[in-house]
2 protein chains.
Amino acid sequence: MTTKSKRDLLIAAARTKFYHQGVARTTLADIAQEAQIPLGNVYYHFRTKEALLEAVIEAHVERLQTRFAQCDREVADPRERLLTLIRWEREGESSMARYGCPHGSLAQEIDKEEDTKLVDQAAGMLQSYLEWTEKQFRQLGKDEQEAKDLSIDMICWFQGTFLLAASFRSPELMDRKLQRMEEWIRSL
Amino acid sequence: MTTKSKRDLLIAAARTKFYHQGVARTTLADIAQEAQIPLGNVYYHFRTKEALLEAVIEAHVERLQTRFAQCDREVADPRERLLTLIRWEREGESSMARYGCPHGSLAQEIDKEEDTKLVDQAAGMLQSYLEWTEKQFRQLGKDEQEAKDLSIDMICWFQGTFLLAASFRSPELMDRKLQRMEEWIRSL
DNA sequence: GTCTATAAATTGATAGAC
DNA sequence: GTCTATCAATTTATAGAC
């Protein structure tokens, strides 16, 4: 943990740049600079820009799984777990209301690609949210179909909220909507 | 209406290409080809790619305003109007479940820009949805704050739904969610 | 107004020294 | 493994003939 490999440094730099500028508008020179690594060196770790993008998505998915697993361990009540997720999103409010959701905006951009492998991988990020929330709704006693529907309700609300908040540059919109989502969770 | 100006042809071609490939990945050569116009000719109508993008967003906003105004004229009941909007979205289902929402995905991509003018313009597309739906909820008898909240609920759900449907390449997800939104509207 | 040719800049990727 | 220099391709934008 004290020493991060250059590979991980590059992934972290690329994640940030892709999030802030979009994948297409981010050059490998941007990423190399962010990681404080010479441009030519990038190619020692990743054959192509796309390979680096794949590694970034993979890191996103792993990070999500880790956080969800952590929440499962630390919070006993499924309703409290869902509220914890909302609290997490709220913590990233300032950047979310500027750049949108790191996962949703990345998935949206990749949707324009032809590359099926990338699209599937990006969908995996959103799938992580859906599966985990669905599990919580099941534990709240909802039947299979309802749990599925509620998880889609919730993640659609998330994604739409982050999209609007970013477009309007409005932390206030995000704040109010997340607050109302908390009430919604409590009412279920 | 029978003869479309080359300028309008270019805007239509750019709109399609930006929607399908994203703005950053679409070249002016792509657009010229789609419009069946020589590349050099593009610059006679638009000084830069960004100027063309601005014209595309402007066209989007105008088109939205026109459709909303048309709905106001043709449909008397505000609840039926909201259902009409859902029906409209459903008509574009196959492309929405492939490329996302033409307005939302464009706004999302532009959010990564620095250019404030573009961001504000893109936000205008989403603002059109919010203002119109808010007006309908007001006419349904909701108070100011509730109408605002409900319009955000609805448009966030829209945007999230189109994002997920595109990422999962799932018309089914979109279909089911829109159907549930219809029930939601009827229950209000 | 329309088109061809091309300039100018950017950027993904490689070669090869150390 | 690391870095510099550079290639090759792409793409925005312009020049100038018709």
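Any value given below was found using the heavy atoms of this structure, including those in side chains, with hydrogens, waters and symmetry copies removed. Computed from a prediction, not measured in an experiment: that's the story for all the values here. Reminder, nothing fancy here: chain letters follow the sequence lines and each chain counts from 1.
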N/O donor-acceptor pair under 3.5 Å between A/Ser167 side chain and A/Leu163 backbone: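 No, A/Ser167 side chain to A/Leu163 backbone: no donor-acceptor pair under 3.5 Å.
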In whole angstrom, give the distance that lies between atom [atom1] of [X] and atom [atom2] of [N].
| X | N | atom1 | atom2 | result |
| --- | --- | --- | --- | --- |
| B/Phe46 | C/dG1 | CZ | C1' | 15 Å |
| B/Leu52 | D/dA13 | CG | P | 10 Å |
| A/Leu9 | D/dT2 | CG | P | 11 Å |
| B/Arg7 | C/dG1 | CZ | C1' | 16 Å |
| A/Gln33 | D/dC3 | CD | P | 15 Å |

Carboxylate-amine/guanidinium contact A/Asp149 A/Lys142, below 4.0 Å: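 No.
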Any A/Tyr44 side-chain nitrogen or oxygen under 4.0 Å from OP1 or OP2 of D/dT2: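 Answer is no, no contact under 4.0 Å.
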Protein-to-nucleotide contact annotation, 5' to 3' order, nucleotides 4-18 of chain C [B base; S sugar-phosphate only; - none; under 4.0 Å, heavy atom]: B------SSBB----
Gap separating the NZ atom of B/Lys117 from the CD1 atom of B/Ile110, nearest 0.5 angstrom: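 Atom-to-atom, B/Lys117:NZ and B/Ile110:CD1 are 12.0 Å apart.
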Nearest atoms (heavy-atom pairs only) where A/Asp72 meets A/Lys135: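 Heavy atoms only, the tightest pair is OD2-NZ, 3.5 Å.
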Derivation and outcome, side chain to side chain donor-acceptor pair (under 3.5 Å), residues B/Gln179 and B/Asp175: CA-CA 6 Å; B/Gln179 195 178 333; B/Asp175 225 41; over 6 Å; no
Which atom pairs, one a donor and one an acceptor, fall under 3.5 Å between side chains of residues 181-188 of chain B and the rest of the protein, sequence neighbours left out?
unit_1: B/Glu182; atom_1: OE2; unit_2: B/Arg90; atom_2: NH1; d: 3.3
unit_1: B/Ser187; atom_1: OG; unit_2: B/Trp184; atom_2: O; d: 2.7

